[in-house]
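What follows is a single structure, written as structure tokens, with notes after it.
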Amino acid sequence: MKKLDKERVLLAVAAPVLALAAAFVVTALVLLATGKEPFNAFGIMFDYGVKADSQVYILNKATTYYLAGLAVAIGFRMNLFNIGVDGQYRLAAFFAAVVGGALKLPGLVQIPLILLVGMGVGAMWASIAGLLKVYRGVSEVISTIMLNSLSSIVISYLLVDGRLADLDKQTNIVATDPLPSSSHFFTFPAGGDLDPIWGFIVVAALAGVGFWFLLGRTRFGFDLRAVGRSESAAQASGVNVKRMVLTSMLLSGAMAGLIGMPTLLNDTHQFTSDFPTGIGFTGIAIALLGRNNPVGIGLAAVLWGFLERGANRLEFEGYDKEIVGVMQGVIVLCVVIAYELVRRYGLKRQQQRVGAELAAQARADKGTDKQEVPA
């Protein structure tokens, strides 16, 4: 059995803890600068966040954010920055809603079909950036940002009355045809008058297990991480780098295609012009905070949901709602700085440990040579 490296575990935990502590300190200073009392604000957020209805809200939000974090983390694992997760997820949710609203099939058939459409559209949209990078050397950062805008244009063109959507004259909202009740995903009752917990949290958990197994326990995952560390070394060992880049973008896009499914199947049951935006960019922050680890990403997703819930309450208590946005931005900045500091410290400790082991081995070899010298 492999011995637990306590120092390595401590360093892994130290970075996010330091980042969160620094973020709260900076946020407190910002509140003080605006004449607000920081500890009262944090107390309000905590008291409101632990309420039963808030816990349901946080879990439902975290389900979506968790999938977004996984989608981004797949690319991060091999040094690919898929900034286009937001566009991939919205386009996937739109076409999944169109297909789901057009068909009237049994739930056992319709729900998997909707999921496959979402994953397929997300993978297809992400593959454009992958192909451009592999065959034209175009940076995936530039191409995915441009594809985000293009996806919004495509949705705006098709989400029009008479095309792939209809106008509700009573509410003046343009939306796709509603999904039949057979394709509504199951929920977990939270008791009382509380909203239910979305059943898609089960799918998100399974996606996390699949992420861990694929990237941590398979040859494919090893090759993917090897390409992320050094493309030249991976290619020298026989890994097809171009294929790995394209496959990684496809997997990231397929995971992005699942991001909108909790909202679509458990909440709105149709795609409207006010379908949530910006979740892909939130996934970047969550993946960074969670260190591209499925467990860490889950904790980061819950934290993000908690901060958003607290923001709603702060506004009613006379605080600026944007203060939580400041906190989230500072967390991301502190995460990057803290990880770099911890990485450098860990590298220094490793060098010291290796140096000590080599010195001890040299002393042992010298002692052995003295014993072998004849009297």
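If you read the sequence from its start, that first residue is 1, and numbering goes on from there.
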> For the residue pair His269 and His184, does the interplanar ring angle fall in the parallel (under 30°), tilted (30 to 60°) or perpendicular (over 60°) class?
Replying inline: parallel

> Side chains of Leu113 and Leu103: does their closest heavy-atom pair fall under 4.5 Å?
Replying inline: yes

> From Cys334 SG over to Met327 CE, what is the distance, rounded to the nearest 0.5 angstrom?
Replying inline: 11.0 Å

> Applying the 4.5 Å side-chain criterion to the ILVMFWY set and letting contacts propagate, would Phe211 and Leu299 be lumped into a single cluster?
Replying inline: no

>> One pair to check against side-chain contact (heavy atoms from CB on, under 4.5 Å): Tyr57 and Asn312. What are the steps and the verdict?
In response: CA-CA 12 Å; Tyr57 174 92; Asn312 296 333; 4.0 Å; yes

>> Assess the residue pair Val138 and Ser143 against the criterion (side-chain contact (heavy atoms from CB on, under 4.5 Å)); give the C-alpha distance rounded to whole Å, side-chain angles, the decisive distance to 0.1 Å, and a yes or no.
In response: CA-CA 7 Å; Val138 178; Ser143 58; 4.2 Å; yes

> How many angstroms lie between CG in Leu246 and CG in Asn240, if you round to the nearest 0.5 Å?
Replying inline: 10.0 Å

> Considering all heavy atoms of both residues, which atom of Ala204 and which atom of Thr63 are nearest to each other, and what is their separation?
Replying inline: CB-CG2, 4.0 Å

>> How close do Ala96 and Met261 get, counting heavy atoms only, and between which atoms?
In response: CB-CE, 3.8 Å

> Can Tyr66 be reached from Val209 by stepping across I, L, V, M, F, W or Y side chains whose heavy atoms are under 4.5 Å apart?
Replying inline: no

>> Please report the interatomic distance CE(Met78) to CZ(Arg229), rounded to the nearest 0.5 Å.
In response: 13.0 Å

>> Any donor-acceptor pair under 3.5 Å linking the side-chain atoms of Ser252 with those of Asn82?
In response: yes

> Cut-off 3.5 Å, side chains only: do Tyr319 and Asn40 have a donor facing an acceptor?
Replying inline: yes

>> Using side-chain contact (heavy atoms from CB on, under 4.5 Å), reason through Thr176 and Leu159 one step at a time and then give a plain yes or no.
In response: CA-CA 7 Å; Thr176 59; Leu159 192 67; 4.1 Å; yes

> Are Val109 and Leu116 grouped together when hydrophobic residues (ILVMFWY) are joined by side-chain heavy atoms under 4.5 angstrom apart?
Replying inline: no

> Side chains of Leu67 and Phe200: closer than 4.5 Å at any heavy-atom pair?
Replying inline: yes

>> So, using side-chain hydrogen bond (donor to acceptor under 3.5 Å, both in side chains) as the criterion, who are the partners of Arg217 when residues are at least two apart?
In response: none

>> Does any part of the side chain of Lys61, heavy atoms only, come nearer than 4.5 Å to the side chain of Phe306, both counted from C-beta?
In response: no

>> Looking at Lys51, I'd like to know if its NZ atom is crowded, meaning that more than 12 non-hydrogen atoms belonging to other residues, nucleotides or ligands lie closer than 6.0 Å.
In response: no

> So which heavy atom on Met249 is nearest to which on Thr144, and how close?
Replying inline: CE-CG2, 4.2 Å

>> Restricting to non-hydrogen atoms, name the atom on Ser151 and the atom on Asn148 that form the minimum distance, rounded to 0.1 Å.
In response: OG-O, 2.7 Å

> Should Met124 and Leu164 be regarded as members of a common hydrophobic cluster, given that ILVMFWY residues are connected when their side-chain heavy atoms come within less than 4.5 Å of each other, either directly or indirectly?
Replying inline: yes

> What's the spacing between Lys133 NZ and Ser248 OG if we round to 0.5 Å?
Replying inline: 10.5 Å

>> In this structure, would Phe220 and Val239 fall into the same cluster of hydrophobic residues linked by side-chain contacts under 4.5 Å?
In response: yes

>> Can you give me the closest heavy-atom contact between Gln270 and Ala175, atom names plus distance?
In response: NE2-CB, 3.6 Å

> Using a distance-only test with no angle check, is there a side-chain donor-acceptor pair under 3.5 angstrom linking Tyr48 and Glu317?
Replying inline: no

>> With side-chain contact (heavy atoms from CB on, under 4.5 Å) as the criterion, how do Asn293 and Trp212 come out once you've worked through the C-alpha distance, each side chain's angles and the decisive distance to 0.1 Å?
In response: CA-CA 8 Å; Asn293 180 282; Trp212 165 80; over 6 Å; no

> Should Asp53 and Arg309 count as an ion pair when the cut-off is N to O under 4.0 Å?
Replying inline: yes

> When rounded to the nearest 0.5 angstrom, what is the spacing between CG in Leu214 and CZ in Arg77?
Replying inline: 10.0 Å

> Between Ile259 and Thr64, what is the shortest heavy-atom contact and its length?
Replying inline: O-CG2, 3.5 Å

>> When you compare the side chain of Phe42 with that of Thr27, does any pair of heavy atoms fall below 4.5 Å?
In response: yes

>> So Ile83 and Val72, do their side chains get closer than 4.5 Å, heavy atoms only?
In response: no

> What's the spacing between Leu115 CG and Gln110 CD if we round to 0.5 Å?
Replying inline: 10.5 Å

> Is there a side-chain contact between Phe76 and Phe81 (heavy atoms, below 4.5 Å)?
Replying inline: yes

> Taking atom CZ of Phe188 as the centre, does the number of heavy atoms from other residues, nucleotides or ligands within less than 6.0 Å exceed 12?
Replying inline: yes

> Is the number of heavy atoms from other residues, nucleotides or ligands within 6.0 Å of CG (Asp193) greater than 12?
Replying inline: no

> So with a 6.0 Å cut-off around CE of Met146, is the heavy-atom count from everything else above 12?
Replying inline: no

> Got Pro180 and Ser183 here, is their nearest side-chain heavy-atom distance under 4.5 Å?
Replying inline: yes

> For Leu206, does the CG atom have more than 12 heavy-atom neighbours from other residues, nucleotides or ligands under 6.0 Å away?
Replying inline: yes

>> Counting C-beta onward and ignoring hydrogens, is there a side-chain heavy-atom pair between Ile331 and Leu307 closer than 4.5 Å?
In response: yes

> Quick check: are there more than 12 heavy atoms from other residues, nucleotides or ligands sitting under 6.0 Å from CZ of Phe186?
Replying inline: yes

>> Does the structure place the NZ or CZ of Arg90 under 6.0 Å from the centre of the six-membered ring of Phe275, at an angle of no more than 45° from the ring's axis?
In response: no

